[in-house]
Structure formats: structure tokens, C-alpha cells
Protein chains: 2
Amino acid sequence: MTEGPDIARIAALVADPARSAMLLALMDGRALTATELALAAGITRQTASSHLAKLADGGALAVEAQGRHRYFRLAGPHVAALLEALMVFSGDAAPAPPRTGPGQPALRKARICYDHLAGEMGVTLHERMQARGLLMGDLAGDLAVTAPGWAHLAEIGLTPVALPRSNRPLCRTCLDWSMRRHHLAGLLGKAILDRLLALAWARRLPGSRVIRFTPEGERRFHAWLG
Amino acid sequence: MTEGPDIARIAALVADPARSAMLLALMDGRALTATELALAAGITRQTASSHLAKLADGGALAVEAQGRHRYFRLAGPHVAALLEALMVFSGDAAPAPPRTGPGQPALRKARICYDHLAGEMGVTLHERMQARGLLMGDLAGDLAVTAPGWAHLAEIGLTPVALPRSNRPLCRTCLDWSMRRHHLAGLLGKAILDRLLALAWARRLPGSRVIRFTPEGERRFHAWLG
DNA sequence: GTCATGCTTCGATGCTAGCCGAAGCATGAC
DNA sequence: GTCATGCTTCGGCTAGCATCGAAGCATGAC
């Protein structure tokens with residue numbers, strides 16, 4: 001009996017219907033809370049908790065605690081690849097993702113989160129900057145601006161010297177409420193939002209967290225992110 | 001609770017250590033007998049039998065009965081892809097394949113199987129002809145010679161009219177004992193072997209099933225198959 | 001401080017499935 | 001025909017695990 005790679009252990013993680021339902025619910029890359037995943041799997045919270053612990057221990061899920069919530073997401077692309085290989089096998093399509101987040105479309109699109117941009121536009125900002133190599137991130141969520149990053153930020157009038165000195169981290173990621181993906185927080189997140197407002201690409205709606213982009217502002221925003 | 005694709009059912013097929021060991025043993029594309037797979041998994045034959053039935057029912061394995069043996073092989077590339085995705089996850093390498101087949105190298109290399117060529121050379125013949133589109137096969141193991149196939153066969157002096165009329169299928173595949181892959185059988189298999197002997201590319205060793213290629217014959221054989 | 005919420009741990013229950021021994025059923029050799 | 005071999009089916013045992021109720025432990029709101 002030859003001792004091969006421990007495929008069975010990994011497969012067993014997915015082999016339970018409740019766990020596979022949870023994994024499928026996370027296939028779009030969002031992060032969901034334990035309670036939401038319990039709902040998606042149709043089991044109680046206690047049971048879900050034990051399943052989630054197994055998935056996290058087994059390396060299939062990454063956990064992120066935020067306040068009293070715990071957000072779970074797929075540990076990486078290899079997990080998604082595995083699920084896709086299984087779906088090829090069963091030949092079915094993915095289920096419809098559960099509805100989450102704010103109901104108002106304007107809030108989903110762009111809003112202020114403490115002092116930085118959140119919602120679709122905030123997530124786009126973060127992910128495009130990451131994809132273009134303007135930010136170098138480690139897994140802990142700490143980020144640094146690269147040299148090309150500073151050059152790019154200068155295009156909207158942001159220079160290192162324009163940022164205040166503070167203990168607060170320059171650059172953080174923050175899990176987005178509606179998108180369940182990370183957006184850009186920290187001093188840089190605030191500074192960028194300030195510039196967007198100063199450039200009149202967007203403005204705050206009074207008495208609400210909504211940030212409304214002007215059509216021209218949205219166009220320039222996307223052009224800037226390339 | 002959304003009803004997604006039945007990923008859990010497929011994953012459960014692999015989730016058992018005995019079954020995963022069997023699947024890994026089949027990863028090189030060979031077909032192995034139930035007893036060999038029981039040995040590979042370190043379980044009794046009875047237990048292996050139930051596991052193999054599950055794998056076959058689940059669509060992971062294809063079965064081929066030959067005499068009193070039952071040969072199992074992976075049902076298709078999607079199964080191999082799934083196993084690879086799992087191996088990426090666990091990060092290990094595949095185990096060493098078990099030793100099978102005849103001990104004598106000459107028998108492994110080329111021998112007569114009923115009336116056609118078997119062993120490495122027989123498998124090569126079949127697989128090269130398939131790869132070059134000289135044969136069109138369906139999944140049942142029935143084959144037909146294509147027009148380019150006939151043209152190619154003419155190069156060693158084989159024409160359709162040279163073949164005897166008979167009920168026997170022209171073209172079959174036969175699972176190779178030592179290679180555990182298919183080689184070419186049927187009337188065509190016999191005819192090709194006859195031509196190889198007539199051309200003196202190879203000869204039978206008396207009192208044995210070994211077919212010995214001459215160095216020149218082997219060179220021509222491979223050149224012919226391109 | 002009190003209360004509510006989100007989540008985990010503990011304990012008990014019940015189901016499922018892997019496992020093997022023994023017997024049964026084919027196929028092939030003689 | 002007899003015998004050997006390869007494989008499957010049956011029966012019963014056991015272990016593991018998913019499940020849920022209840023309690024415990026944090027965090028945040030007030």
C-alpha cells in the first residue's frame with residue numbers, strides 16, 4: 001500500500017453536503033458570515049460552526065474576524081479550481097448567489113465607510129490598484145504603495161508629503177459590507193476619497209452615507225484606474 | 001438552502017482513503033484489475049469490490065471485462081483533472097506506480113497476442129494511429145480506418161482488397177496485459193503483424209510469444225508511424 | 001452596569017459507511 | 001466432469017461523524 005498525497009482528506013472536506021453548499025456560496029470570491037453560511041447550507045449555527053472550523057483547519061477557507069462577525073472566504077484560487085473540477089464532473093451550473101448587503105442600489109454602488117470609499121467603487125479602486133501593481137500587499141492586510149503607485153497617485157494630486165503624519169496605518173484593507181470584498185482603507189483610503197471630492201468627481205449626499213459620482217467623475221475615475 | 005450541483009456526491013467518491021489510493025494508482029492511464037487495486041489500497045478483495053462498484057456507478061471509473069478479469073481505468077480526463085486539483089491542494093507528488101505485467105523485458109516490448117501485436121510496440125502502433133487520425137474510434141472499442149489511414153497502410157503493402165472477407169471485426173482494441181493500455185486487434189491487427197513479419201521488420205522467437213524486432217525493422221516501424 | 005447578538009463548545013443521539021469472513025457465481029485450465 | 005482463480009454478494013460488527021439542544025464566551029449597543 002503506497003502512501004500517496006492525502007487526497008482523501010481534502011476530498012472529505014467537500015464531501016459533506018452542508019460544507020459543499022457553503023463552499024459553493026463562496027465561489028464568487030465574497031466573504032460571508034458564519035450565520036449566512038449556515039442559512040445557505042440549511043443547517044443550524046452550531047453545526048455550521050463545526051463545519052467551518054473543519055474547512056478552515058483543512059486550509060479551504062480563510063477567516064477574518066471583524067467586530068463580532070467572522071467572515072469566511074475561499075482560501076485561494078486553488079480551492080475555486082478544485083470546486084470547478086468537481087462541477088465539471090457533475091455537469092451542473094452554480095447556484096444563484098444569496099442576496100446580501102444594503103438594498104438601496106446607491107449604497108451598494110458607493111458610500112462612505114468611516115472616512116474612505118466603500119461599495120462597488122471602493123472595491124474597484126482597491127482591486128484595480130492591486131492588479132496594476134500600485135500596491136504591494138501581504139496576507140495580513142497590510143499594504144504599501146509602490147513607486148509606480150506614487151506616480152499614479154500624483155495624477156490626481158496626491159503626493160507623499162501631502163499626507164499627514166500619524167500613527168494610523170497608511171494603507172489598510174477593509175472588508176466591504178455589500179460587496180464582501182476588500183476595499184481600500186487607512187490614511188490613503190481617506191486621502192483618495194478627499195481628492196475625489198475635491199476634484200468634484202463625486203459628492204456626499206447630505207444626511208446619508210451615499211456618495212454620488214457625477215457621470216464625468218465616474219468616467220475619469222475608471223480612466224484613471226485604467 | 002439553494003440546491004447546487006451535487007459536488008458532495010462526487011467528492012465523497014474520492015473522500016475514502018481506499019478509493020483515493022485506487023484512483024491514484026490509475027492516474028497513469030493504465031487499466032488495473034480489481035485484485036491489483038485491492039492490493040494498492042491495502043484492503044481485502046471484497047472491500048475493494050464494493051469500492052470499485054461505487055466508483056464505477058459514480059462515473060469515475062470505466063470497467064472492461066476480459067475473461068475472468070475486470071479491468072478498471074479512469075473514466076476520462078475530467079477524472080484525472082479532478083485528482084490533479086486535489087493534488088495541487090495537498091501539494092504532494094504522485095506515488096510510484098505498482099509493478100505489473102510480464103517480468104521478461106522482451107515480452108513487455110513485443111509479443112503476439114492471439115494473432116496480433118501486443119506489448120509496447122502494439123500499444124504504440126494503436127496510439128500513434130489514433131493520434132494521427134488514421135483510425136476513427138467510438139467509445140465501445142469499435143474502430144474504422146479513415147481514408148488517410150488506408151493511404152498510410154498502403155505504404156507497408158496493405159490494401160482493403162488484401163484483407164480476407166470475414167465476420168470478424170476488422171478493427172478492434174484489446175487491453176494489453178503488460179502495458180494496461182489498448183493495442184490494435186481484429187483483422188487489421190492480424191494483417192499488420194503479418195506484414196511486419198513478411199517485411200522482416202520482426203520475427204517470432206520459436207517456442208515463445210516474444211516477437212523480436214530487428215534494429216532496422218524497429219527504426220522503420222517508428223518512421224512509418226511518424 | 002444590563003441586554004442583545006454572533007459565534008463556539010459540550011454532550012448525547014442516531015445514521016451511515018467501511019470493513020472483513022464466509023459463501024456464491026462466474027470463467028478458464030485440465 | 002474437477003479444480004483453481006477472479007470477483008461479487010451477504011451478514012454483522014464497529015467506528016466515525018453529522019446533527020441539534022443547551023450552555024458558555026465574546027463583542028457591541030445602551
Side-chain angles (χ1 to χ4, degrees), chain A residues 1 6-23 31-58 60-73 100-101 113-114 174-175 177 180, chain B residues 1 6-23 31-58 60-73 98 100-101 113-114 174-175 177 180 209:
Chain A
M1 177 170 184
D6 201 358
I7 287 201
R9 206 192 97 252
I10 309 295
L13 287 178
V14 196
D16 182 81
R19 285 197 292 266
S20 75
M22 294 177 173
L23 290 170
L32 297 178
T33 66
T35 304
E36 285 170 331
L37 288 168
L39 191 69
I43 54 179
T44 62
R45 270 166 247 144
Q46 314 92 285
T47 310
S49 181
S50 105
H51 284 311
L52 290 169
K54 279 174 191 161
L55 287 170
D57 284 349
L61 294 185
V63 201
E64 198 162 344
Q66 194 146 307
R68 52 183 163 184
H69 297 273
R70 294 188 74 195
Y71 286 92
F72 294 86
R73 60 188 157 77
T100 54
C113 169
Y114 187 38
C174 175
L175 198 57
W177 172 37
R180 303 306 168 86
Chain B
M1 178 171 184
D6 200 357
I7 287 201
R9 205 192 97 251
I10 310 295
L13 287 179
V14 196
D16 181 82
R19 284 197 293 267
S20 74
M22 293 176 174
L23 290 169
L32 297 178
T33 66
T35 304
E36 285 170 331
L37 288 168
L39 192 67
I43 53 179
T44 62
R45 269 165 247 146
Q46 313 92 287
T47 308
S49 181
S50 105
H51 283 311
L52 290 169
K54 278 175 191 162
L55 287 170
D57 285 349
L61 293 185
V63 201
E64 199 162 341
Q66 195 147 305
R68 53 184 165 185
H69 297 272
R70 294 188 74 196
Y71 287 92
F72 293 85
R73 60 188 157 78
T100 53
C113 168
Y114 187 36
C174 177
L175 198 57
W177 172 37
R180 303 306 168 85
R209 297 176 53 198

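Any value given below was found using the heavy atoms of this structure, including those in side chains, with hydrogens, waters and symmetry copies removed. To find a chain, count down the sequence lines: A is the first, B the second, and so on, and within it residues start at 1.
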* Can you name the residues that form a side-chain contact (heavy atoms from CB on, under 4.5 Å) with B/Arg9, not counting sequence neighbours? -> B/Asp6

* Asked: When rounded to the nearest 0.5 angstrom, what is the spacing between CZ in A/Arg45 and CG in A/Leu37?
  -> 13.0 Å

Hey, what are the protein-to-nucleotides 23-30 of chain D N/O distances that come in under 3.5 Å?
from   : atom 1 : to      : atom 2 : distance (Å)
D/dT27 : O2     : A/Arg68 : NH1    : 3.4

* Asked: Which nucleotide sits closest to the side chain of B/Phe72: C/dG6, D/dG6, D/dT8?
  -> D/dT8

* To do: Looking only at non-hydrogen atoms, find the nearest pair between B/Ala41 and B/Ala21 and report the distance.
  => CA-CB, 4.0 Å

* Rounded to the nearest Å, what distance is computed from the CG atom of residue A/Leu52 to the P atom of nucleotide D/dT19? -> 12 Å

* To do: Considering non-hydrogen atoms only, spot the tightest contact between B/Lys54 and B/Leu13 and give its length.
  => O-CD2, 3.6 Å

* Pair pattern of DNA chain D in dot-bracket, where unpaired bases get dots and | marks partners in another strand, Watson-Crick or G-U under 3.5 angstrom -> ||||||||||||||||||||||||||||||

* Asked: Given atom CG of B/Leu39 and atom P of D/dG6, what is their separation to the nearest angstrom?
  -> 12 Å

* **For B/Ser50, all residues meeting side chain to side chain donor-acceptor pair (under 3.5 Å), sequence neighbours excluded** => none

* B/Leu32 and B/Tyr71, any side-chain heavy atoms less than 4.5 Å apart -> no

* Considering just the side-chain nitrogens and oxygens of A/Arg70, establish if one lies under 4.0 Å of OP1 or OP2 belonging to C/dT8. => yes

* Asked: If we only count heavy atoms from C-beta on, is the B/Met22 to B/Ile43 side-chain gap below 4.5 Å?
  -> yes

* Between C1' of D/dG6 and CG of B/Leu37, the distance in whole Å -> 13 Å

* **Where A/Ala38 and A/Thr44 come nearest, the two heavy atoms and their spacing** => CB-O, 4.0 Å

* Value in whole Å for how far the P atom of C/dA4 lies from NE2 of A/His69 -> 17 Å

* In whole angstrom, what separates A/Tyr71's OH from C/dT8's P? -> 14 Å

* Asked: Looking at residues at least two apart in the chain, or sitting in another chain, which of them share a side-chain contact (heavy atoms from CB on, under 4.5 Å) with B/Ala12?
  -> A/Ala15

* Would you say the side chain of A/Val14 lies within less than 4.5 Å of the side chain of B/Ile10, judging by non-hydrogen atoms? -> no

* Asked: So which heavy atom on A/Ala34 is nearest to which on A/Phe72, and how close?
  -> CB-CE1, 3.9 Å

Produce the list of close N/O pairs, under 3.5 Å, pairing protein atoms with atoms of nucleotides 16-19 of chain C; give distances to one decimal.
from   : atom 1 : to      : atom 2 : distance (Å)
C/dG18 : OP1    : B/Arg19 : NH1    : 3.0
C/dG18 : OP1    : B/Arg19 : NH2    : 2.9
C/dG18 : OP2    : B/Lys54 : NZ     : 2.2
C/dC19 : OP2    : B/His51 : NE2    : 2.5

